[in-house]
2 protein chains.
Amino acid sequence: MAKELGISISTVSRALNDHFDISTETKDRVKAHAAKVRYVPNAFAKGFRSHKTNIIGVVIPNIEHRFTATLLRGIISTAEQNGYKVIICESMNSDEKQVEQLKTMIEFGVDGVLLSLTKKTKNIDEILDLTQHVPLILFDRISNKVACTQVIIDDEDAAFQAVEHLINTGKKRIAIIKETDESNVSERRYHGYLKALRQHNIEVDESIIMSSEDLSIEEGQRQTKVLLSLQNRPDAIFTIIDLAAVGAIKELKKNKVKIPSEIAVVGFSNSIFCTIIKPNLSSINQPGNRIGETAVNYLIEEIKSEDHLNFKTIEIKTNLIVRKSSFNPKKASKLQSQ
Amino acid sequence: MAKELGISISTVSRALNDHFDISTETKDRVKAHAAKVRYVPNAFAKGFRSHKTNIIGVVIPNIEHRFTATLLRGIISTAEQNGYKVIICESMNSDEKQVEQLKTMIEFGVDGVLLSLTKKTKNIDEILDLTQHVPLILFDRISNKVACTQVIIDDEDAAFQAVEHLINTGKKRIAIIKETDESNVSERRYHGYLKALRQHNIEVDESIIMSSEDLSIEEGQRQTKVLLSLQNRPDAIFTIIDLAAVGAIKELKKNKVKIPSEIAVVGFSNSIFCTIIKPNLSSINQPGNRIGETAVNYLIEEIKSEDHLNFKTIEIKTNLIVRKSSFNPKKASKLQSQ
DNA sequence: CTGAAAGCGCTTACAG
DNA sequence: CTGAAAGCGCTTACAG
């Protein structure tokens, strides 16, 4: 292009980048020609020189998880708005894959990494090592063992809201279906459950605290069956994921248990099932977009700043969406007039 | 690294790449040192020199669409296995965004592009122009106006299977809920529907061919209401997406129509709803992984080959999963003994 | 206001 | 078997 215009490469470069020191006339001439020959700047060469790729690496455990899509949408759009591209890897919840993928991202020269951890991340050391090479932010599936900024929903508060809502509708014996304590997320939600009970002076009853390795519809159904077999049945069930709540409702309906009057159900995630299953499922709405956006914004800030100090944990607030599985509007007036 | 070892940069490079002309001794020495200092090759510099980025660009219309996750999983894992990274953009079904994103991908120097078109892609010209710059493969949402290799599920055959199944269970008046003819996918499924009717000598009745702009549960419900209001009701409904079938079932249940004996329902996509709604929904299973894999494999082939000729359209076969919304096992024996 | 030159980190033909 | 040098496409201090 330079020689076609009879000027130097430097001038072309400066004209294209609107350098203050170039005459408007030259700029116009260069830009016009660039458009004519459909000149495509080589972002690679640019990045190569500046040691910036403008690529953000994202590693997630499971792309088919519905919530992941919402997170990714937030990440991708926010990154795009800021001139970054996003490279995505799926660790398939494998520890080894996760480490390997992070390594190739570094090799690739990503400017920063967003990581959502596998269910049970053992080799934290390798991840700590990573932070030496590149800005890192954990999101959604985090770990307090890694010193870096972390973005999550406020799980504890969310669970607290859900359980308090049940208490406010008159429930006194609230069961929880959660995962085993290896799941960080599950634990935080469990804490919110405990906090709500404590705050309302409700005794914790171990017999209605159900834990499983891996929740699913079937598992929710199984655990509910156990709860129904108890002498002293619960009057509400809070599940830490919607799928389990769907299972719970299935099992309750099978046993002709009235929902919500006999046993109310609240889930978590406000997934699409909520409005499909009958009765519609009350659930915690998680603003996945906002988590993604926030994580990207903090990451870009870190990329641009020199010092990577004072890491924070940002907790995004959620909101409870009340539906018929936990609250029957017909009886609302009665309740309110009490 | 070179000077620490007292050898030239060239030799280090060759040793690391297992060049045949380097002594085993030197190789070992270099590799040992590389491991010690945790040397990370700069993939960028490599790519810069070889004009290859080993990045594949992917543009999809809607990341929250469930099927997209499956496609992406296939794409990402296959790319990874072949040493490629994947950059993802979401066009949000916007034509302008799509074009812009494709352009920045080119600027970025991706080695190839996988594209799933927006619902109504008008500016095909811009996309055609793209193919001049980089190998392109269309997948899932394709268009015959673009000369390139395309990978889709065999929609026509899938719909044919679904409708033939209904015919085989004794249904004679089969409605379809589809989208307007601007949707390529919808049209292909509609053709399968027509083909099945034709092949079984069933007359096409325009009054039970329902089209809408954008299908959803509500829309499925609305269209079903219309069908139920007909003098001559259909005895089966085939919907080109599951959501619409979910709406149909809701509406049928509301009107106490027996499923499948009075009206059977078959959906498309085998989404997670199928096993949640009662009765469970029969549906076409689309192997998203395989579409993704296949698209990546063809793209890599094109990237590596010099000539980008003989484009093909690859149609991935689907299978129908029969559930209670279209077939009642209790009556199966009767039917078979007829 | 513009140009010549160095340099980003690698690979590879060329020379020895 | 190894080294010196060129070059990938850009940007930017330096010089004029």
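Numbers restart at 1 for each chain; the letters A, B, ... are given by sequence-line order, proteins then strands.
Rounded to whole angstrom, the span from the NE2 atom of B:His19 across to the P atom of D:dG3 amounts to 13 Å. Atom CD of A:Glu25 and atom C1' of C:dC1 are 11 Å apart (whole Å). Going from atom CG of A:Asn17 over to atom P of C:dC1 covers 17 Å, rounded to whole Å. Here D:dT11 presents its C1' atom at 14 Å from CZ of A:Phe20, a figure rounded to the nearest Å. Regarding B:Ile9, its CD1 atom lies at a distance of 11 Å from the P atom of C:dT11, rounded to whole Å. Protein atom CG of A:Asn54 is 15 Å distant from nucleotide atom C1' of D:dT11, rounded to whole Å. As a whole-Å value, the separation of B:Ile22 CD1 from C:dT11 P is 12 Å. As a whole-Å value, the separation of B:Glu107 CD from D:dG9 C1' is 14 Å.
The side chain to side chain contact (heavy atoms under 4.5 Å, CB included) test applied to A:Arg290 returns A:Pro287, A:Glu293, A:Ile316, not counting sequence neighbours. Under the rule for a side chain to side chain contact (heavy atoms under 4.5 Å, CB included), the partners of B:Glu107 that lie at least two apart in sequence or sit in another chain are A:Val40, A:Pro41. Under the side chain to side chain donor-acceptor pair (under 3.5 Å) criterion, A:Asn62 pairs with B:Arg73, not counting sequence neighbours. Applying the side chain to side chain donor-acceptor pair (under 3.5 Å) criterion to A:Thr78, with sequence neighbours excluded, gives no partner residue. Not a single ring pair (Phe, Tyr, Trp, His ring centres under 6.0 Å) links A:Phe139 to another residue, sequence neighbours left out.
Salt bridge annotation for B:Glu126-B:Lys103: present, with a cationic side-chain nitrogen under 4.0 angstrom from a carboxylate oxygen. Residues A:Asp154 and A:Arg188 are not paired through a salt bridge, judged by the lack of any N-O separation under 4.0 Å between the basic side chain and the carboxylate.
Residue B:Ser23 places its side chain closer to D:dT2 than to any other of D:dT2, D:dT11, C:dT11. Across C:dG3, D:dT11, D:dG3, the shortest atom-to-atom separation from the side chain of B:Ile7 is found for D:dG3.
Residue pairs meeting the side chain to side chain donor-acceptor pair (under 3.5 Å) criterion with at least one member in residues 40-60 of chain A, sequence neighbours excluded, are A:Thr53-A:Asp111. Pairs of residues two or more places apart, or lying in two chains, that qualify as side chain to side chain donor-acceptor pair (under 3.5 Å) and include a residue from residues 5-20 of chain A are A:Ser8-A:Thr11, A:Asp18-A:Lys31.
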Give every pair of a protein N or O atom and an N or O atom of nucleotides 4-8 of chain D that lie under 3.5 Å apart, one pair per line with the distance.
{"unit_1": "D:dA4", "atom_1": "N7", "unit_2": "B:Ser10", "atom_2": "OG", "d": "3.2"}
{"unit_1": "D:dA4", "atom_1": "N6", "unit_2": "B:Ser10", "atom_2": "OG", "d": "3.0"}
{"unit_1": "D:dA5", "atom_1": "N6", "unit_2": "B:Ser10", "atom_2": "OG", "d": "3.3"}
{"unit_1": "D:dG7", "atom_1": "N2", "unit_2": "B:Arg49", "atom_2": "NE", "d": "2.3"}
{"unit_1": "D:dC8", "atom_1": "O3'", "unit_2": "B:His51", "atom_2": "NE2", "d": "3.2"}

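With pairs defined as Watson-Crick or G-U wobble and both atom distances under 3.5 Å, the stems of at least three pairs that touch DNA chain D come out as C:1-3 with D:14-16, C:5-12 with D:5-12, C:14-16 with D:1-3.
The gap from the C1' atom of D:dG16 to that of D:dT12 amounts to 16 Å, rounded to the nearest Å.
Contact between the side-chain N/O atoms of A:Tyr39 and the OP1/OP2 oxygens of D:dC10 is found at a separation under 4.0 Å.
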